[in-house]
Amino acid sequence: GRPLRDVGVEKLLGVLGGAVLAVVVDRETESRALGGGRSRGGCECRNPGSGPAGPEDGSGIRMQDRLSEGVSCATRGIRNLRRCNVALATIGIGLLGGGYAARTQLRAWRLVPGARVVAIWNRTASRASALGREFGVDAVETLEALLTDDRIDAVDVATSVETHVEYALRVAAAGKHVLCQKPLATTLAEAEQIVDVCRAAGVRLMVNENWRWRPWYRVIRSLVDEGAVGRPFYLRIASRSAAAAATSPDPSAHPFEDQPFLRTLQPLILLEIGPHYFDVARYLFGDPSGVFAQTLKVTPPERVLGEEV
């Protein structure tokens, strides 16, 4: 029942992190989960940066071992986080959506101490009801019912991207904090509108981009910060997937069975997988001074409408 501002900034950041699997409940947990001592959940990890200096990476530890150890420690930290014995106020979460992202979010919120999804709404009521039964969450019939629910402090917008601007503005107008799944919007103008409205309403807005919390990227960032790899001057990220390719001999088969909306999403790569890599680059090396993109359409548009390269 307390105002969210009284809960604490670090707690709020952790709770609104949804799909980051609660790695950032606070700085102490984050540090320990990534290898800095004994976590409150019982993970005993050696600080990779401690120990005598050596030729391998400046700490006497082979870089391959650093990566393996960092991933192992972070994984154990996430797994044990639910056993944390720190008393935290519960933040009520409302969830919008009924598809792939909503299901992922419901699983992830179960791992966040001090947060609980209390209601779910989707424009297709049957999908919200099915998820509600599966996860033990109330499914409401209207968005207005969710937005006027006093148990809800923040709303997780896990719907298709073209609906983000409408739902985010309505959530902000209701005085609820907004966690919006990536990408934030389909255009820069819509994204700026969401930011401006949330700022004017005095609510917190966060975009849920989870890849920077993956253990291997965290370890890479640590190595970069410590100077273990020297001065970085070039980054190349390559990703290949057959997900969008029409390779099945069965004409009735379709790509993206789990996320069918991707078949008609335009642009496809720039809105779907692109934000993951854009944010990883920003996390490792900071904001770019310029951005350029070249795309290519290679498969039949009747199977996948957007670009694949």
Side-chain angles (χ1 to χ4, degrees), residues 2-27 29-30 78 81 88-97 101-102 104-121 146-147 152-161 163-188 190-214 217-218 221 271-272 274-283 286-287:
R2 291 185 294 157
L4 224 57
R5 61 180 175 271
D6 294 336
V7 175
V9 174
E10 299 302 323
K11 164 69 187 313
L12 183 61
L13 287 173
V15 167
L16 291 183
V20 306
L21 298 180
V23 173
V24 281
V25 173
D26 57 32
R27 287 193 181 98
T29 301
E30 175 188 343
I78 293 170
L81 208 53
L88 300 172
T90 298
I91 292 180
I93 303 297
L95 179 65
L96 308 187
T104 299
Q105 291 300 99
L106 285 167
R107 293 194 187 108
W109 280 117
R110 286 179 169 179
L111 301 175
V112 181
R116 183 172 67 91
V117 178
V118 298
I120 180 175
W121 174 83
L146 185 145
L147 296 179
I152 294 175
D153 302 296
V155 176
D156 185 345
V157 182
T159 56
S160 53
V161 62
T163 67
H164 285 181
V165 63
E166 174 190 351
Y167 294 157
L169 298 190
R170 291 186 64 178
V171 171
K176 314 285 189 186
H177 300 276
V178 182
L179 174 67
C180 188
Q181 300 305 306
K182 67 84 184 166
L184 178 60
T186 58
T187 67
L188 177 61
E190 286 185 350
E192 291 176 336
Q193 182 183 11
I194 294 173
V195 171
D196 292 342
V197 169
C198 288
R199 181 180 291 120
V203 300
R204 181 181 291 273
L205 166 67
M206 297 185 72
V207 180
N208 189 32
E209 171 49 64
N210 59 313
W211 276 27
R212 66 166 57 197
W213 301 110
R214 290 183 167 184
Y217 292 132
R218 306 289 287 180
R221 169 66 181 271
L271 285 181
E272 176 57 23
H276 289 309
Y277 292 113
F278 302 154
D279 190 63
V280 165
R282 292 177 61 242
Y283 171 63
D287 290 336

Participant: So which heavy atom on Leu146 is nearest to which on Ala119, and how close?
Facilitator: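 Smallest interatomic distance, heavy atoms only, reads CD1-O, 3.9 Å.
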Participant: Run the side-chain contact (heavy atoms from CB on, under 4.5 Å) test on Leu205 and Val203 for me, step by step, so that the C-alpha distance in whole Å, both residues' side-chain angles and the decisive distance to 0.1 Å come before the verdict.
Facilitator: CA-CA 6 Å; Leu205 166 67; Val203 300; 5.9 Å; no
Participant: Mind checking whether Tyr277 and Trp211 have parallel, tilted or perpendicular rings, split at 30° and 60°?
Facilitator: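 If you compare the ring of Tyr277 with that of Trp211, the planes turn out perpendicular.
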Participant: Is the shortest heavy-atom distance from the side chain of His276 to the side chain of Asn210 under 4.5 Å?
Facilitator: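 Yes, their side chains come closer than 4.5 Å.
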Participant: Over all heavy atoms of both residues, which pair between Ile93 and Ala115 is shortest? Give the atoms and the distance, please.
Facilitator: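 Minimum heavy-atom separation between Ile93 and Ala115: CG1-CB, 4.4 Å.
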Participant: For the CD1 atom of Ile91 and the NE2 atom of His177, what is their distance to the nearest 0.5 Å?
Facilitator: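 NE2 of His177 is found 8.0 Å from CD1 of Ile91.
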Participant: Of the non-hydrogen atoms in Ala201 and Ala172, which two are nearest, and what is the gap between them?
Facilitator: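 Heavy atoms only, the tightest pair is CB-O, 3.7 Å.
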Participant: Test of understanding: with side-chain contact (heavy atoms from CB on, under 4.5 Å), list the residues that count as partners of Arg170, not counting sequence neighbours.
Facilitator: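 Residues passing side-chain contact (heavy atoms from CB on, under 4.5 Å) with Arg170: Leu143, Glu144, Leu147, Glu166.
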Participant: Going through the distances and angles, do Glu190 and His164 end up as a side-chain contact (heavy atoms from CB on, under 4.5 Å)?
Facilitator: CA-CA 9 Å; Glu190 286 185 350; His164 285 181; over 6 Å; no
Participant: Quick check for you: to the nearest 0.5 Å, what is the distance between Trp213 atom CH2 and Arg218 atom CZ?
Facilitator: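 That separation rounds to 4.5 Å.
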Participant: To the nearest 0.5 angstrom, please state how far the CG atom of Asp156 sits from the CG atom of Leu106.
Facilitator: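 The distance works out to 8.5 Å.
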Participant: For Gln193, give me all partners under side-chain contact (heavy atoms from CB on, under 4.5 Å), at least two apart in sequence or on another chain.
Facilitator: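 By the side-chain contact (heavy atoms from CB on, under 4.5 Å) rule, Gln193 matches Val165, Leu169, Val197.
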Participant: The test is side-chain contact (heavy atoms from CB on, under 4.5 Å); show your working for Val280 and Tyr283 and say whether it passes.
Facilitator: CA-CA 5 Å; Val280 165; Tyr283 171 63; 5.6 Å; no
Participant: Kindly give the heavy-atom pair with the smallest separation between Ala185 and Val161, and that separation in Å.
Facilitator: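 Ala185 and Val161 have their closest heavy atoms at C-CG2, 3.7 Å.
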Participant: Tell me the closest heavy-atom pair linking Ala168 and Val178, and the distance in Å.
Facilitator: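 The answer is O-CG2, 4.0 Å.
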Participant: Using 0.5 Å steps for rounding, measure from the CD1 atom of Ile120 to the CG atom of Leu95.
Facilitator: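 With rounding to 0.5 Å, CD1 (Ile120) is 4.5 Å from CG (Leu95).
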Participant: Check side-chain contact (heavy atoms from CB on, under 4.5 Å) between Arg282 and all other residues, then give those that pass, not counting sequence neighbours.
Facilitator: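 With neighbours one apart ignored, the set is Arg212, Asp279, Asp287, Pro288.
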Participant: Backbone N or O of Ile152 within a donor-acceptor pair of the Lys176 side chain at under 3.5 Å?
Facilitator: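 Flag set: sc Lys176 to bb Ile152 pair under 3.5 Å.
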Participant: Using side-chain contact (heavy atoms from CB on, under 4.5 Å), reason through Gln181 and Thr159 one step at a time and then give a plain yes or no.
Facilitator: CA-CA 8 Å; Gln181 300 305 306; Thr159 56; over 6 Å; no
